[in-house]
Every structure is written in structure tokens, then in C-alpha cells.
Amino acid sequence: MTTRISDKIYKIELPIPFPLRTTNVFFVDEPPRTLVDTGIKTEASVEALKRGMEQIGHSLKSIERILITHGHIDHYGQAKTLSSLSGAPIYIHPKEYGRIRSIIHSLGFLKSILLRNGAPEALVNEAIRYIKSSQKMGDPLEEAYFLNDGDTVPFESMAWKTIHCPGHSPGLICFYWPEKKILFSGDHLLKEITPNPTLNVPENIPPFRYPSLKEYLTSLEKIERLEISLLLPGHGEEIDDAKSLIRKILVHHQDRMEHILTFLSTGEKTPFEIAMDLFPGVPPFEVFLGISEAVGHLEILKEKEMVKVKERDGKDYYSLETRLG
Ligand SMILES: [Zn+2]
Ligand SMILES: [Zn+2]
């Protein structure tokens with residue numbers, strides 16, 4: 001389905017076999033004609049994009065540039081196919097480019113991190129299998145150009161700004177069109193759900209750190225300072241009140257932090273146990289997201305010296321910091 005957002009911008013919804021059901025890609029009908037994100041690489045997805053482009057008098061070959069908000073399969077999956085078909089160059093943040101290229105090789109290390117965070121082996125194996133199979137819905141990128149924070153994305157009559165918003169993913173970038181105060185937010189901000197700051201495989205040197213939630217909250221503040229009249233997210237509907245959405249997310253994280261502290265007051269816990277308390281009965285892949293959420297909070301609480309961590313039998317146990325005086 002294609003929706004006209006403004007005189008030059010069209011939203012095309014593409015199907016994905018995940019709970020969110022669709023990914024939004026945006027086509028900008030001004031030279032160089034640009035596609036923001038691509039959807040996954042499946043027959044249904046490419047057909048939907050083809051139809052969407054036809055509705056506005058274009059074909060896949062009309063694409064002259066591809067911008068990727070972040071390296072999750074539903075956002076870059078068919079970038080390589082579209083690029084070879086149209087000749088359009090691909091632009092992405094260097095951190096995401098590296099992540100996409102190394103993801104398959106880092107699964108062993110990711111597995112060890114999940115086990116260390118207390119997840120049972122059978123569940124970890126299932127989550128890893130899920131990640132592996134979802135990687136089939138896209139091609140790794142080869143040739144790509146890099147966009148960093150503050151870089152300009154020029155068009156014939158306008159210039160967008162690249163805003164680096166690490167958190168949901170370490171190299172996530174938003175695109176800001178100052179004249180219209182429009183922000184393409186990728187998965188940094190979504191209307192119906194709070195985006196997960198996903199646990200990233202840390203540098204393979206102890207002590208392991210998991211900064212994604214902290215970075216995510218800092219990136220929210222960065223967006224809060226912008227004047228935004230319309231926010232175009234990577235999934236779901238457009239958002240016209242960005243400021244109140246950001247406040248809602250901040251309150252939500254504060255509530256979660258307090259919930260975790262209350263849970264820890266009953267004794268030491270692994271991040272997996274905390275994830276199960278926050279999201280009881282979630283399917284295996286979401287266990288990974290739940291642990292991401294838990295360790296994100298624990299990292300912040302550790303920095304504030306409110307919790308401490310101890311390793312025992314290869315697992316991390318967190319407990320409340322008891323202060324004297
Ligand atoms: Zn994402
Ligand atoms: Zn997404």
C-alpha cells in the first residue's frame with residue numbers, strides 16, 4: 001500500500017513474517033530519487049514494492065539512491081538486490097555495515113553472552129537458530145557509502161541531515177528534513193510499541209558492557225531537542241506529537257527500572273530471571289530481547305551503584321548494593 005506523505009514523499013508498506021507484520025519504506029520523488037530502507041528479500045516484499053512504485057508512476061529502476069536507517073534484516077534485506085537492479089548506491093552508518101557483515105560469525109559469542117546472562121541452553125539454541133534463519137531474508141552488503149552524524153544528504157532542492165541515534169542498534173541513523181521538520185526515525189521511535197534497545201555483542205574482552213539502553217535514552221534526548229512536526233517510523237503509523245511520545249517512553253523505562261529494583265529486593269537474580277519476570281511466557285526469540293532490556297537497565301543501575309554483579313559458575317548474578325551509613 002502506498003500513502004502520500006507530502007508532495008515528494010511516499011510511504012510504501014511491505015510485508016514481513018514478524019509480529020509487526022509490515023515495514024515502512026519511503027520513496028522520495030526528487031532527484032536523486034531515494035528509497036529510505038528496503039524491507040526483507042522475499043517474493044512478497046519485492047512484489048509489494050514494485051506495485052507501490054507503479055502506483056506513483058515509477059519502477060524499481062527509478063531508485064537512484066538507497067538510505068538504510070539500521071542493519072536489521074527488515075530494513076536492509078533487499079538493499080543489495082535493489083542496488084544491482086537499479087544501480088543505486090547504498091548509504092549506511094559504518095557501525096551497521098560492520099555489524100551486518102559480522103553477524104553470522106558472532107553468533108557463537110552471542111550464545112556465550114546469553115548463557116552468561118542465565119538463559120537455559122535449549123532456549124539459547126532456539127534463539128540462535130531463529131536469528132540464523134531470519135538472516136536468509138536478506139543479503140549482506142558489499143559496496144556501500146558511509147553516513148555519519150551530521151552528514152548532509154543532498155537532493156535537488158533540499159538537504160537532509162543525518163542524526164546518529166545509537167540504542168535500538170549501535171549505528172542507527174535518523175534523517176531530518178529541517179524545512180518541513182520531518183524526521184525519518186527508523187526503529188528509534190515507533191507509535192504503538194517501545195523500541196527494544198537490543199543487546200549487542202560487546203567487544204570480546206571482559207568486563208563486558210551493555211550500553212544500549214543508556215545510549216538509547218541519550219539518543220531520545222537528542223531527538224527531543226529537535227523541532228518535529230511529523231515523525232515517519234520504520235513500522236506502523238506516522239506520529240505527530242514526537243515530544244509526548246518521547247516522554248511516554250522515558251516514564252515507561254523509569255517504571256521498569258523500579259520494577260527491577262523491587263524484584264531484586266527479594267534476592268539475587270540473573271538477567272534471564274529478570275527478563276522472565278518482566279515478560280512472562282515470551283517466545284524464544286523474544287527471550288533475547290527481554291535479556292537485552294534487563295541488562296540495559298542493570299548496566300545503568302550498576303553505574304549508579306545501586307546494584308552489583310557477581311559471577312558464579314559462569315553466570316552473572318545481580319543483587320542490590322547494600323550501603324553502609
Ligand atoms: Zn530494528
Ligand atoms: Zn524494524
Side-chain angles (χ1 to χ4, degrees), residues 1 11-26 35-42 44-45 48-49 66-79 82 90-103 106 110 127 130-141 147 162-175 183-201 210-213 215-217 219-220 223 231-239 245 249 282-283 285-293 296:
M1 197 177 74
K11 171 174 105 171
I12 306 172
E13 285 170 74
L14 305 180
I16 47 169
F18 308 126
L20 288 168
R21 295 201 332 273
T22 55
T23 293
N24 297 330
V25 305
F26 297 93
L35 190 68
V36 180
D37 284 344
T38 71
I40 52 167
K41 189 192 157 195
T42 58
S45 174
L49 181 59
I66 297 168
L67 304 178
I68 306 288
T69 59
H70 65 298
H72 288 164
I73 205 87
D74 45 333
H75 299 265
Y76 78 87
Q78 59 182 342
L82 293 174
I90 299 168
Y91 290 77
I92 189 166
H93 190 277
K95 278 195 175 168
E96 295 301 278
Y97 180 80
R99 225 174 50 77
I100 293 172
R101 288 186 74 87
S102 66
I103 188 152
S106 58
L110 176 65
Y130 182 90
I131 298 175
K132 257 191 201 153
S133 78
S134 67
Q135 286 308 304
K136 291 184 191 127
M137 288 181 261
D139 290 320
L141 304 179
L147 281 175
T162 307
I163 304 172
H164 181 210
C165 291
H168 173 73
S169 194
L172 186 146
I173 44 179
C174 296
F175 301 106
L183 185 86
F184 296 81
S185 66
D187 288 355
H188 183 49
L189 288 157
L190 301 172
K191 191 167 187 175
E192 304 301 341
I193 61 156
T194 313
N196 306 85
T198 38
L199 180 139
N200 271 289
V201 178
Y210 309 99
S212 41
L213 180 60
E215 287 181 350
Y216 179 73
L217 297 175
S219 297
L220 277 188
I223 296 302
L231 214 142
L232 302 175
H235 305 272
E237 279 172 53
E238 295 80 72
I239 297 152
L245 177 68
I249 296 175
V282 294
F285 176 63
E286 313 229 334
V287 165
F288 164 70
L289 298 177
I291 289 180
S292 297
E293 181 90 23

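Each ligand, and each atom within it, is numbered from 1 in the order the structure gives. Only heavy atoms go into these numbers, but all of them, side chains included; no hydrogens, no water, no symmetry mates.
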Going by side chain to side chain contact (heavy atoms under 4.5 Å, CB included), name the residues that satisfy it together with L217, two or more places apart in sequence or in a different chain.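 So L217 forms a side chain to side chain contact (heavy atoms under 4.5 Å, CB included) with L213, L220, L250, H253, I300.
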Considering all heavy atoms of both residues, which atom of D139 and which atom of Y76 are nearest to each other, and what is their separation?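 The answer is O-CE1, 3.4 Å.
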Test ring-ring contact (aromatic ring centres under 6.0 Å, His included) applied to H70 - qualifying residues, sequence neighbours left out: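 H70: ring-ring contact (aromatic ring centres under 6.0 Å, His included) contacts with H72, H75, H168.
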Residues forming a ring-ring contact (aromatic ring centres under 6.0 Å, His included) with F175, sequence neighbours excluded: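 With neighbours one apart ignored, the set is empty.
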Counting C-beta onward and ignoring hydrogens, is there a side-chain heavy-atom pair between L82 and L49 closer than 4.5 Å?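 Answer yes - side chains close enough.
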When you check the space around the Zn ion (ligand 1), which protein N, O or S atoms turn up under 2.8 Å?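 Hits for the Zn ion (ligand 1) below 2.8 Å: H70 NE2, H72 ND1, H168 NE2, D187 OD2.
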Q78 and side-chain contact (heavy atoms from CB on, under 4.5 Å): which single residue from T42, L35, I40, L14 fits?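 Output: one option passes, namely L14.
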